[in-house]
> 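Sharing a structure here in structure tokens format.
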Amino acid sequence: MVRHSSRIELSQSSLTSNINFIKKKVGKGVRISSVVKANAYGHGIEEFVKMAEKAGVNHFSTASAFEAETVLEAKSDSSDVMIMGILYSEDIGWAIENEIEFYVFNYDRLSLVLKEAQKLGKKAKVHLEVETGANRTGLPERELSPSLSFLKKYQNHIEFTGLCTHFGGAESFSNQFKIDKQHKKYKEYLKLCKKKSLMPKTRHIACSAAALAYPDTVYDMVRIGVSQYGFWPSPDIYYKHIQDANKSNGALKRIFSWKTDVMDVRDVVTGEFIGYGTAYQATHDMKVAVMPLGYSNGYPRAQSNRGHVLIKGKKAPIVGLINMNLFMVDVSHIDGVEVGEEVVLVGRQKNNTINISSFTQVTQLLNAEMLSRLPAAIPRKVVK
Ligand SMILES: *Cc1c(COP(=O)(O)O)cnc(C)c1O
């Protein structure tokens, strides 16, 4: 196989440390569901699932049936998969057959699920997602009671695997009133389950931010995305952690680094323009290194003439526009740069580090947005 123009490395020890940190935060007996939607937030779903299992995770959440199919191939037999989002009606049978758990947020769906479960002679594993105030997906209040009656009647064919909801903005303390309201609603729904004497196997409402900052939102399971990858959900949540932390509390570690190597090195004389247009004009005689990737490979075009890469542990500033498949950096101040030299795009080299957040400040992208856009074709390699 020929080489790709860049590569992503994933640190197993950092992930294990993050999972242990989150476990400690949420407490014993709480199951962690590793949210691996969007190609595991760009980390690479197949590699990531195996790494997470090594770190002690045995439940995975995806946004779609399509992603769940990938998890199914990568995971071991003892792990479970849950679809939180799109599952087309024609794929319900497939989900049941493969023992995949899935959200239901319309009453009408239940009869379809029942039909498939009966046809296959196998129990469906259903999480009822309830509407609590995010107005995204979620069973409307009036549909909960009939849904519970339905589940009770057909217990032999449908397992009431979970009752869940999702907070609309637990990352920000300014949303606290909304989060509180949503949680209150959820508790009312739990009461209704109790009244109907039909309790879900698992109760789960917390994402990273809620699990880290609002301990009372932690029930039987937490759905952890961004923080397992080593990112604090927001400055709010990070500051709260710092305030609460005692010395033994540890920290989150980035597990991701992105590397390439120098494709060419060339001299540019004073007054010449570098790359397309007139975006960068050499003000002195320069040495420039060519990078074999560009915006089509997930490197944001907004980094043009801004930001830098690391070569020989030193910062090499980007000069000119990010092209589709190339960009140039200034290495005038770095001695002995040769073709094939390792380049760090994100991550650490010697005493310097480039964080995803340094990109996202310039590009206005969210950390998760930037990461999840990295092409799946970039090879992922697990390192220590
Ligand atoms: C993405 C997602 C999560 C994980 O959120 P993080 O903030 O990344 O931890 C949890 N639940 C649902 C329903 C989601 O869509």
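Just so you know, these numbers come straight off a predicted model, no measurement behind them. First listed ligand is number 1; within each ligand, the first listed atom is number 1.
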> Rounded to the nearest 0.5 Å, how far apart are CD1 of I378 and NZ of K259?
14.0 Å
> If you group Ile, Leu, Val, Met, Phe, Trp and Tyr by side-chain heavy-atom gaps below 4.5 Å, do M263 and V265 land in one group?
no
> V226 to ligand 1: N or O pair under 3.5 Å?
yes
> Judging by distance only, is a nitrogen or oxygen of Y103 under 3.5 angstrom from one on ligand 1?
no
> Could you please spell out the steps behind the salt bridge (charged side-chain N to carboxylate O under 4.0 Å, His left out) verdict for K185 and E131?
CA-CA 9 Å; K185 202 90 216 162; E131 174 58 55; over 6 Å; no
> Between E171, H166, M82, which one has a non-hydrogen atom sitting closest to atom 12 (C) of ligand 1?
H166
> Any idea which protein heavy atom is nearest atom 3 (C) of ligand 1, and the distance to it?
K37 NZ, 3.8 Å
> Would you call R136 a ligand 1 contact, heavy-atom distance under 4.0 Å?
yes
> Quick check: is Y295 connected to I274 through a chain of hydrophobic side chains (ILVMFWY, heavy atoms under 4.5 Å apart)?
no
> For G225, take its heavy atoms, then give the atoms of ligand 1 lying under 4.0 Å from any of them.
4 (C), 6 (P), 8 (O), 9 (O)
> So which heavy atom in the protein is nearest atom 11 (N) of ligand 1, and how far is it from that ligand atom?
R223 NE, 2.8 Å
> What protein heavy atom sits nearest atom 9 (O) of ligand 1, and how far off is it?
S208 OG, 2.5 Å
> Taking N or O atoms only and a 3.5 Å limit, does I224 qualify as a polar contact for ligand 1?
no
> I want to know if ligand 1 touches S227 in the polar sense, i.e. an N/O pair below 3.5 angstrom.
no
> May I ask you to decide if G271's main-chain N or O and Q281's side chain share a donor-acceptor pair within less than 3.5 Å?
yes
> If we ignore hydrogens and angles and just use 3.5 Å, is the side chain of N305 paired with the main-chain N or O of A279 as donor and acceptor?
yes
> For the CD1 atom of I334 and the NZ atom of K287, what is their distance to the nearest 0.5 Å?
11.5 Å
> Measure the spacing between CD of E159 and NZ of K201 and express it to the nearest 0.5 Å.
4.0 Å
> Using a 4.0 Å cut-off to any heavy atom of M84, which atoms of ligand 1 qualify?
11 (N), 12 (C), 13 (C), 14 (C), 15 (O)
> With a cut-off of 4.0 Å, which atoms of ligand 1 are near a heavy atom of Y41?
1 (C), 4 (C), 5 (O), 6 (P), 8 (O)
